[in-house]
There are 2 protein chains.
Amino acid sequence: MKAETSPTLPLRERKKLRTRQALIDTALELFGTQGFDGVTLDALCDAAEVSKRTFFRYFDSKEDVAMAPAQDVWVAFLDVLETCPADGRPLLTLFEDALAEAIGRMPADGWAGLVLAGRRLAALTPSMDAHCLAFCDRTTRTALALVDRRLALPGPDGQLRARLALDLLVVLFHRALDSWVAQPSGHTPQDLVRRLRATAAELPSVLTARAEPHA
Amino acid sequence: MKAETSPTLPLRERKKLRTRQALIDTALELFGTQGFDGVTLDALCDAAEVSKRTFFRYFDSKEDVAMAPAQDVWVAFLDVLETCPADGRPLLTLFEDALAEAIGRMPADGWAGLVLAGRRLAALTPSMDAHCLAFCDRTTRTALALVDRRLALPGPDGQLRARLALDLLVVLFHRALDSWVAQPSGHTPQDLVRRLRATAAELPSVLTARAEPHA
DNA sequence: TAGGCTTGTGCCACTGAGTGGCAGATTCTT
DNA sequence: AAGAATCTGCCACTCAGTGGCACAAGCCTA
């Protein structure tokens, strides 16, 4: 990941960004080789040359640092949602488009690799998975409040429908991530968007799909 | 919650069930009055008159004990899914029906109250929410494996569609729980099923619902 | 009903995540 | 250059969760 920071930022802010990024990089590196539970916070802080106290000024938990790149997408998503045109698109399409754009905004050079590392780790570490799901849930609630403020949700169940649409989006994103992570190579943001679209395309048939017993 | 246990069970098993239920009851009672974080494990174990070591022989974590009643539904769900007829119903309907039956199997006398207490707690306690979501995710995976074994999932995307259907079910259940918890009274399993059905009925319109900017 | 056998429990010491407080260092402002 | 604001390091602390071992309670034969 590039450590390059806008030179307009004051020195103090640049240093903070660098420390943060250093923690993310070394964390994912160490976790990747020794496993999440195989690395104590003390060891991580030692490697990153910060005190444990400082670590917790940047991240809320040990899990947090490994999920930071993935969380960036959702922060961007909220930002897109805040400013995107509220035309007549179906709500779910609007959300999909916003998420696709948010993914597109991610830095092209190191982000994908960090997300990949984070997801692979989450697959092996229940507590990371839990934190990830909880984060998505919180983001969903924030997004709902945002949408409720900006848009007129029609009908008495408008709020519920919007919430369901957001829940659906989260589900689609996770399944898209699954298949994206599973592929052997070509882990680009663009490819992730492609998989998101493909997963979304399955949705209508999910509502009606049938299955027969084995022959 | 009834402590009555089948008299056919050996004494040792009956004792275990009683200890387990005592832990659940006192936990939800203490958490309810002093908050999840306001009660240490030592205090809880002291109140339930067991050692901390014993607590962890019954539950994997402090969060676990408060979620036990809610988890029972999903255990029952897997059981229903294992034995239900695999007729031509749409997959999602099949899942819905199975969950409805699982809810119906819950004991009528104290279960609803415990789930209610657990959910209210989860709304205030991020770590409980996280554990709950993670548990549902794990159950989803187990269910998928089960379905894959029992049913012929058609097409190359059959697996994905089944997974999405299960994800949808979990989302529907959570939204149903939300509205069930929000109502002032009448917290019965039957009412929860009613709300699950009502939420599911919204699903088709979610895929196409639109929203306009505020007037 | 006394013997061993299995299984559950209590106790204790330990690891590791996360927090509060304060003193000292670094950056910003004027 | 000095003072204000902010960030960091250090240390002691709480509490969740684990491993190990001795003991006790239910179980099963003779």
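Values below: every heavy atom of this structure, side chains too, minus hydrogens, waters and symmetry copies.
At a threshold of 4.0 Å, the pair A:Arg163-A:Asp137 counts as salt-bridged, since one of the basic side-chain nitrogens sits closer than that to a carboxylate oxygen. The residues A:Glu82 and A:Arg149 are annotated as salt-bridged, a charged nitrogen and a carboxylate oxygen being separated by less than 4.0 angstrom.
Between B:Trp111 and B:Trp180, the ring planes are tilted. Angles from 30° to 60° get that label. Ring geometry for B:Phe59 versus B:Phe55: interplanar angle of 30 to 60°, hence tilted.
Across the protein-nucleic acid pair, B:Phe56 atom CZ and D:dG20 atom C1' stand 17 Å apart, rounded to whole Å. The distance from atom CG of B:Asp37 to atom C1' of C:dG18 is 12 Å, rounded to the nearest whole Å. Spacing between atom NZ of B:Lys52 and atom P of C:dC11 amounts to 13 Å, rounded to whole angstrom units. Between the CG atom of B:Asp42 and the P atom of D:dA16 there is a distance of 7 Å, given to the nearest Å. The CG-P distance, from A:Asp46 to D:dG9, rounds to 12 Å in whole Å. Look at CZ on A:Phe36: it is 13 Å from P on C:dG16, rounded to the nearest Å. Regarding A:Lys62, its NZ atom lies at a distance of 17 Å from the C1' atom of C:dT19, rounded to whole Å. B:Arg18 places its CZ atom 12 Å from the P atom of C:dT9, with the value rounded to the nearest Å.
The shortest distance between the side-chain N/O atoms of A:Lys15 and the OP1/OP2 oxygens of C:dT27 is below 4.0 Å. Close to C:dG8, at under 4.0 Å from its OP1 or OP2, lies no side-chain N or O of B:Tyr58. An OP1 or OP2 oxygen of D:dG9 is reached within less than 4.0 angstrom by a side-chain nitrogen or oxygen of A:Thr54.
Side-chain proximity of A:Lys16 to the nucleotides C:dA17, D:dC7, D:dC27 is greatest for D:dC7. Residue B:Ser61 places its side chain closer to D:dG17 than to any other of C:dA17, D:dT8, D:dG17.
Base pairing of C:dG3 is not made with any nucleotide, judged by Watson-Crick or G-U wobble geometry with both donor-acceptor distances under 3.5 Å. Pairing for D:dC28 is absent, judged as Watson-Crick or G-U wobble with the two contacts each under 3.5 Å.
Judged by atom type and distance alone, A:Arg53 does not reach the base of C:dG18 through any side-chain donor-acceptor pair under 3.5 Å. With hydrogens and angles ignored, no donor-acceptor pair under 3.5 angstrom links the side chain of B:Arg14 to the base of D:dG26.
Judged by closest nucleotide on DNA chain D, A:Val50 is the one of B:Phe59 and A:Val50 placed further toward the 5' end. Nearest-nucleotide assignment on DNA chain C puts the 5′-proximal partner with A:Leu41, out of A:Arg57 and A:Leu41.
Here the closest non-hydrogen pair linking B:Gln34 and B:Val39 is CB-CG2, 3.8 Å.
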